[in-house]
Number of protein chains: 2
Amino acid sequence: MAATRPSNPLALAVLVLLWERPMHPYEMSSTLRERRKEDSIKLNYGSLYSVVESLRKRGLIEAAETVREGRRPERTVYAITDIGAQVMVDWLVELLSTPKKEFTQFEAALSLAGALPPEQVTELLGQRLRNLRFHQKAVEAVFEEARTVKLPRLFMIEAEFSAALLTAEIAFVEQLLGELRAGSLGGFALWQRMHELRRAGVPPEEIDAKLDAEFADELAFARDEST
Amino acid sequence: MAATRPSNPLALAVLVLLWERPMHPYEMSSTLRERRKEDSIKLNYGSLYSVVESLRKRGLIEAAETVREGRRPERTVYAITDIGAQVMVDWLVELLSTPKKEFTQFEAALSLAGALPPEQVTELLGQRLRNLRFHQKAVEAVFEEARTVKLPRLFMIEAEFSAALLTAEIAFVEQLLGELRAGSLGGFALWQRMHELRRAGVPPEEIDAKLDAEFADELAFARDEST
DNA sequence: AGGCGAATACTCGAAGTCGAGTATTCGAGA
DNA sequence: TCTCGAATACTCGACTTCGAGTATTCGCCT
């Protein structure tokens, strides 16, 4: 059996932490928090403990000892196994070298935005833009702070990546908003008309027929798609 | 009880489809496929049926009729309810107007990349860059095709968004690769030395101590963090 | 006429996700 | 010395996710 692994990236974080040195679950979570890794890896207690258990069952990590410090409850300290170290490397290699489609909520929302009327979508994207810019300022403040305490950039690459995506999203929304406000986005009139008809209470099939007639040219693509 | 909703965006897609007109689950999946929405919304059969059931239990959709066409098995046709339509609107409003952190695998991998030696990470990111560029060409070909069949841009905004993120990622990886190859990324030497010591079999605590001594200036930030 | 691959239409159960809840202990201040 | 909030260290179970498997039928090709 090829060594399988859990799908949650938190499991990879656990492997990396145990590759550094043995520790117990709660220490993993606090270490991740200290290093600001919770910004890039979703951390939640339930998942942490179940992920640790899942790694143990697969033989990627093992319980090293159970210690009791002061009068705190007992804690199980885990260590990485040789197979675990190998899986960690393979996993990192795959994630770094091979891009794979990541589904985002915003992309889903964009693809379904047609269900709201164009005016409302314009308004909502305006709000989003304001929120994004506000967020960007906060992120820049964090970078500024990092520079003043001389934190080496190595420890923040993931934050820089996420900031780069944020900048790209801002540019995209700005551009889209411009086209929406100008009404110049291809298909805009069709979209508007569809909502007009719905508001008027026209039933679905009739809407389809009317739009098909009124926007014959714009909907031409749909007719010869039977290839 | 405030109308709750499933968390899977596929449920939003179901609401939108049923807002257009009643249909049965299999038709939902084929409609989504025809419209290329599976590129922006993760579609999988298991999830589809359980999401439909979950929407039904919450009263956001309801079974309208069960039909049997030809000698095909029976199918349940669902319709959206008034509450369902409201939830659909609220959900779209939230997703479009309010950005929320999306965790990506690559961001997680970047934040844990320190567990591989710098030379290997450089090599892997080189591979990634080649893959990303290849993928970008394919995406551009799709856009080209869309232009020739005159598909209105409205129907592809989500694809344009995803392409914008792809471009941003390429730029980021190019930039990062440059700094890695030049060895100019802050913390690079520290990272290299850490792996050197590990290869030499030095135990964790000693590595920490040595690095702390050798890179006192670069690690200064860590010492006065006890605020 | 009949065979076979593509499309239709789901089902199932193992695995994973999540946040709220619980119980304890430490330490700063009144 | 007492208290109270923050930190420590998990547990629980309801809900989701997922992909592989199943069973049928349509329609083209020979």
Side-chain angles (χ1 to χ4, degrees), chain A residues 1 3-14 17 23-34 38 41-58 60 63 65-78 91 100-103 105 108 226-227, chain B residues 1 3-14 17 22-34 38 41-58 60 63 65-78 100-103 105 108 226-227:
Chain A
M1 50 147 202
T4 65
R5 62 198 186 207
S7 52
N8 192 334
L10 182 56
L12 178 56
V14 167
L17 289 169
M23 54 176 89
H24 56 90
Y26 192 80
E27 193 182 357
M28 296 174 201
S29 78
S30 25
T31 307
L32 289 174
R33 214 173 308 136
E34 258 170 45
E38 11 142 46
I41 299 164
K42 187 156 39 184
L43 194 162
N44 117 0
Y45 288 103
S47 302
L48 177 61
Y49 287 91
S50 67
V51 139
V52 163
E53 179 55 18
S54 158
L55 287 168
R56 196 195 56 75
K57 273 195 202 138
R58 289 163 211 251
L60 307 186
E65 47 171 346
T66 61
V67 297
R68 141 164 275 150
E69 198 167 287
R71 297 213 269 138
R72 288 288 171 73
E74 252 184 16
R75 298 161 313 185
T76 307
V77 173
Y78 293 89
W91 196 349
K100 65 177 280 292
K101 174 75 190 169
E102 319 253 15
F103 294 88
Q105 305 252 334
S226 46
T227 36
Chain B
M1 49 147 202
T4 65
R5 62 197 187 211
S7 53
N8 193 334
L10 182 56
L12 178 56
V14 168
L17 289 170
M23 56 176 88
H24 57 88
Y26 191 80
E27 194 183 354
M28 296 173 200
S29 77
S30 24
T31 307
L32 288 174
R33 214 174 308 135
E34 258 169 44
E38 10 142 48
I41 300 164
K42 186 154 41 183
L43 170 67
N44 119 357
Y45 288 101
S47 303
L48 178 60
Y49 287 91
S50 66
V51 140
V52 164
E53 180 55 18
S54 156
L55 287 168
R56 196 194 57 73
K57 273 195 204 138
R58 291 163 210 251
L60 308 186
E65 47 170 348
T66 61
V67 298
R68 140 164 276 150
E69 199 167 287
R71 296 213 269 136
R72 289 289 171 72
E74 253 185 15
R75 297 161 314 185
T76 307
V77 174
Y78 293 88
K100 64 177 278 296
K101 174 76 192 169
E102 319 253 14
F103 292 89
Q105 305 253 332
S226 45
T227 36

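By convention in this document, chain letters (A, B, ...) are assigned in the order of the sequence lines, proteins followed by strands, and residues within each chain are numbered from 1.
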Quiz item: Can you tell which of D:dA9, C:dT17, C:dA9 lies closest to the side chain of B:Tyr26?
Solution: C:dA9
Self-check item: Presence of A:Lys42 side-chain N/O under 4.0 Å of C:dT17 phosphate oxygens OP1/OP2
Solution: no
Practice problem: Send over the distance from B:Glu53 CD to C:dA9 P, rounded to a whole Å. | Solution: 19 Å
Exercise. Decide if atom NZ of A:Lys101 counts as having more than 12 heavy atoms of other residues, nucleotides or ligands within a radius under 6.0 Å.
Key: yes
Quiz item: Rounded to the nearest Å, what distance is computed from the OH atom of residue B:Tyr49 to the P atom of nucleotide D:dC18?
Solution: 17 Å
Practice problem: Please state how far atom CG in A:Leu43 lies from atom P in D:dA9, giving the value in whole angstrom units. | Solution: 15 Å
Self-check item: Under-4.0 Å side-chain N/O to phosphate OP1/OP2 contact, A:His24 with D:dT8
Solution: no
Exercise. Describe the nucleic acid contact of A:Lys57 in one word from base, sugar-phosphate, nothing, applying a heavy-atom distance below 4.0 Å.
Key: nothing
Quiz item: Hey, what do you get for OH (A:Tyr78) to CG (A:Leu17), rounding to the nearest 0.5 Å?
Solution: 14.5 Å
Self-check item: Protein-nucleotide distance (A:Leu12, atom CG; C:dG16, atom C1'), rounded to Å
Solution: 17 Å
Quiz item: In whole angstroms, how far is the P atom of D:dA9 from the CG atom of A:Asn44?
Solution: 18 Å
Self-check item: For A:Gln105 against B:Ser7, the heavy-atom pair lying closest together
Solution: NE2-O, 4.4 Å
Quiz item: Between A:Pro9 and A:Trp91, which heavy-atom pair has the shortest distance, and what is it?
Solution: CA-CZ2, 4.2 Å
Quiz prompt | Nearest-angstrom distance from the residue atom CG of A:Leu48 to C1' of C:dG19 | solution = 14 Å
Exercise. Could you please name the option among D:dC10, D:dC18, C:dA9 that lies closest to any side-chain atom of A:Arg75?
Key: D:dC10
Quiz item: Who passes side chain to side chain contact (heavy atoms under 4.5 Å, CB included) against B:Glu27, sequence neighbours left out?
Solution: B:Arg21, B:Met23, B:His24, B:Thr31
Quiz item: Considering all heavy atoms of both residues, which atom of B:Thr76 and which atom of B:Pro25 are nearest to each other, and what is their separation?
Solution: O-CD, 3.3 Å
Exercise. Measure the distance from CZ on B:Arg33 to P on C:dA6 and round it to the nearest whole Å.
Key: 14 Å
Pull out every protein N or O sitting under 3.5 Å from an N or O of nucleotides 12-16 of chain D, one pair per line with the distance.
unit_1	atom_1	unit_2	atom_2	d
D:dT16	OP1	B:Arg58	NH2	2.3

Practice problem: Heavy atoms only: give me the nearest B:Phe103-A:Glu38 pair and the separation to one decimal. | Solution: CE2-O, 3.5 Å
Quiz item: C:dG16 C1' sits how many Å from A:Leu55 CG, rounded?
Solution: 13 Å
Quiz item: Taking all atoms of both residues into account, what is the closest heavy-atom pair of B:Ala11 and B:Val51, and its distance?
Solution: CA-CG1, 3.5 Å
Practice problem: State, to 0.1 Å, how close A:Ile41 and A:Leu10 come at their nearest heavy-atom pair, and which atoms those are. | Solution: CG2-CA, 4.0 Å
Practice problem: Please round to 10 degrees the angle between the axis of the first five pairs and the axis of the last five pairs in the helix from C:dA1-D:dT30 to C:dA30-D:dT1. | Solution: 10°
